Amino acid sequence: MATPVMLHLSAAIRYFADGSPLNIMLTHGISRQSVYDSVWRTTDAVNATSQLSFNQHGAQFPSNDEQGEIADGFKVRSKAGFDKICLTVDGMLIWTVQSSPAQCEKLSVGERQIHCYRKDKFGIVLMAGCDHMCRFWWADIRHPGLTSDYLVFATSDLGLKLEHDNNDIVKPGYTMAGDNAWVPRPWMATPIPGHYISATDDATISTTHKSELQLSKHLAY
């Protein structure tokens, strides 16, 4: 007998809320495998629903009008008066268990690449962009934990288009904001290097840039 759709959904929501698979098995009367099956059925359904995509009509990136609205939102919240930031972008390591050799072979990834040595964790890198309201508008989650944030973005579909196609994905005159893991580009603003805060405009802007970026991305994640 097939498991009812609502039961699949209930089990998945409980799992996403940090519920124990063992507890879900008891409360829903399903097997452990059915719990994970429910999670992936729900995940696939969400990913296949265009109404739940980051942007209108399944677009990969916010439109120019939406970028203008996001920039206006950042300006209201910015003590430095930044008014051309259309998105803040950063990466986060999603922790996983150590992948088996068979899994790594299936993914065409070396076993050591799954391990992030800096954090001493196994995982995959989530690269995402969020707005002033901590809402996600773009994401890429395809690289193993050893990959740097810059390389993840540079090899993403969005990064390749921005670097090579010279199109207007980012609204002319506007920019995304990243931390020191990035390099300055026409479409990416980064903090000005330096460790000391002084009264100079450069130091003040650099410090404010980093603090506002960290607040936005950390709340979103």
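Everything quoted here is computed from the prediction, not taken from an experiment. Just so it is clear, the values below take in all heavy atoms, side chains as well, and ignore hydrogens, waters and symmetry mates. By convention here, the first residue in the shown sequence is residue 1.
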Listing request: all salt bridge (Lys or Arg N to Asp or Glu O under 4.0 Å) pairs with a residue in residues 31-48, at least two apart in sequence or in separate chains. Asp37-Arg41
Applying side-chain hydrogen bond (donor to acceptor under 3.5 Å, both in side chains), name anything that partners Ser63, two or more places apart in sequence or on another chain. Glu66
Do Leu22 and Tyr36 sit in the same hydrophobic cluster, where Ile, Leu, Val, Met, Phe, Trp and Tyr count as joined when their side-chain heavy atoms come under 4.5 Å apart? yes
Taking only residues two or more places apart in sequence or in another chain, which ones pass side-chain hydrogen bond (donor to acceptor under 3.5 Å, both in side chains) with Ser34? Ser31
I'd like to know if the side chain of Asp168 and the backbone of Lys171 have a donor-acceptor N/O pair within less than 3.5 Å. no
Can you list, by chain and residue number, the hydrophobic cluster partners of Met6 when the side-chain cut-off is 4.5 Å? Leu9, Ile13
Taking all atoms of both residues into account, what is the closest heavy-atom pair of Gly91 and Asp149, and its distance? N-OD2, 3.6 Å
Nearest heavy-atom pair of Gly159 and Ser156: which atoms, and what distance? N-OG, 3.0 Å
In chain order, what residues pass the salt bridge (Lys or Arg N to Asp or Glu O under 4.0 Å) check against Asp140, with sequence neighbours excluded? Arg142
Which atoms form the tightest heavy-atom contact between Thr42 and Ser38, and what is the distance? OG1-O, 2.9 Å
On the 0 to 90° scale, with breaks at 30° and 60°, tag the Trp187-Phe153 ring pair as parallel, tilted or perpendicular. tilted
For Ala45, give me all partners under side-chain contact (heavy atoms from CB on, under 4.5 Å), at least two apart in sequence or on another chain. none
Going by side-chain contact (heavy atoms from CB on, under 4.5 Å), name the residues that satisfy it together with Thr49, two or more places apart in sequence or in a different chain. Gln51, Leu52
All side-chain hydrogen bond (donor to acceptor under 3.5 Å, both in side chains) counterparts of Trp138, not counting sequence neighbours: none
With a 4.5 Å limit on heavy-atom distance, are the side chains of Cys130 and Arg135 in contact? no
On a heavy-atom basis, which atom in Cys116 and which in Gly145 lie closest, and how many Å separate them? CB-O, 3.5 Å
To the nearest 0.5 Å, tell me how far Thr155 OG1 sits from Leu151 CG. 4.5 Å
Nearest heavy-atom neighbours spanning Val183 and Tyr150: CG2-CE1, 3.5 Å
Hey, could you give me the CG/CD distance between Leu158 and Glu163, rounded to the nearest 0.5 Å? 11.0 Å
Got a sec, which pairs hit side chain to side chain donor-acceptor pair (under 3.5 Å) with one end in residues 10-25, sequence neighbours left out? Ser10-His28
Can you give me every donor-acceptor pair (side chain of residues 117-128, partner residue at least two apart or in another chain, under 3.5 Å) with its distance?
from: Asp120; atom 1: OD1; to: His115; atom 2: NE2; distance (Å): 2.9

Minimum side-chain heavy-atom gap Ile169-Lys161 below 4.5 Å: yes
Taking side-chain hydrogen bond (donor to acceptor under 3.5 Å, both in side chains) as the definition, give me every residue that meets it alongside Ser100, ordered by chain and number, with sequence neighbours left out. Gln103
Within this structure, what is the CH2-CD1 distance for the pair Trp137 and Ile70, rounded to the nearest 0.5 Å? 4.5 Å
Test: salt bridge (Lys or Arg N to Asp or Glu O under 4.0 Å). Region: residues 94-115. Which pairs qualify, not counting sequence neighbours? none
Could you state whether Leu7 and Met25 fall into the same hydrophobic cluster, counting links through intermediate Ile, Leu, Val, Met, Phe, Trp or Tyr residues with side-chain heavy atoms under 4.5 angstrom apart? yes
Side-chain contact test, heavy atoms from C-beta onward, threshold under 4.5 Å: evaluate it for Gln67 versus Val170 and give yes or no. yes
Are side-chain heavy atoms of Val39 and Phe16 found at a separation under 4.5 Å? yes
Nearest heavy-atom contact between Pro184 and Thr190 is CG-OG1, 3.4 Å
Does Thr175 use its side chain to pair, donor to acceptor, with the backbone of Ile85 at less than 3.5 Å? no
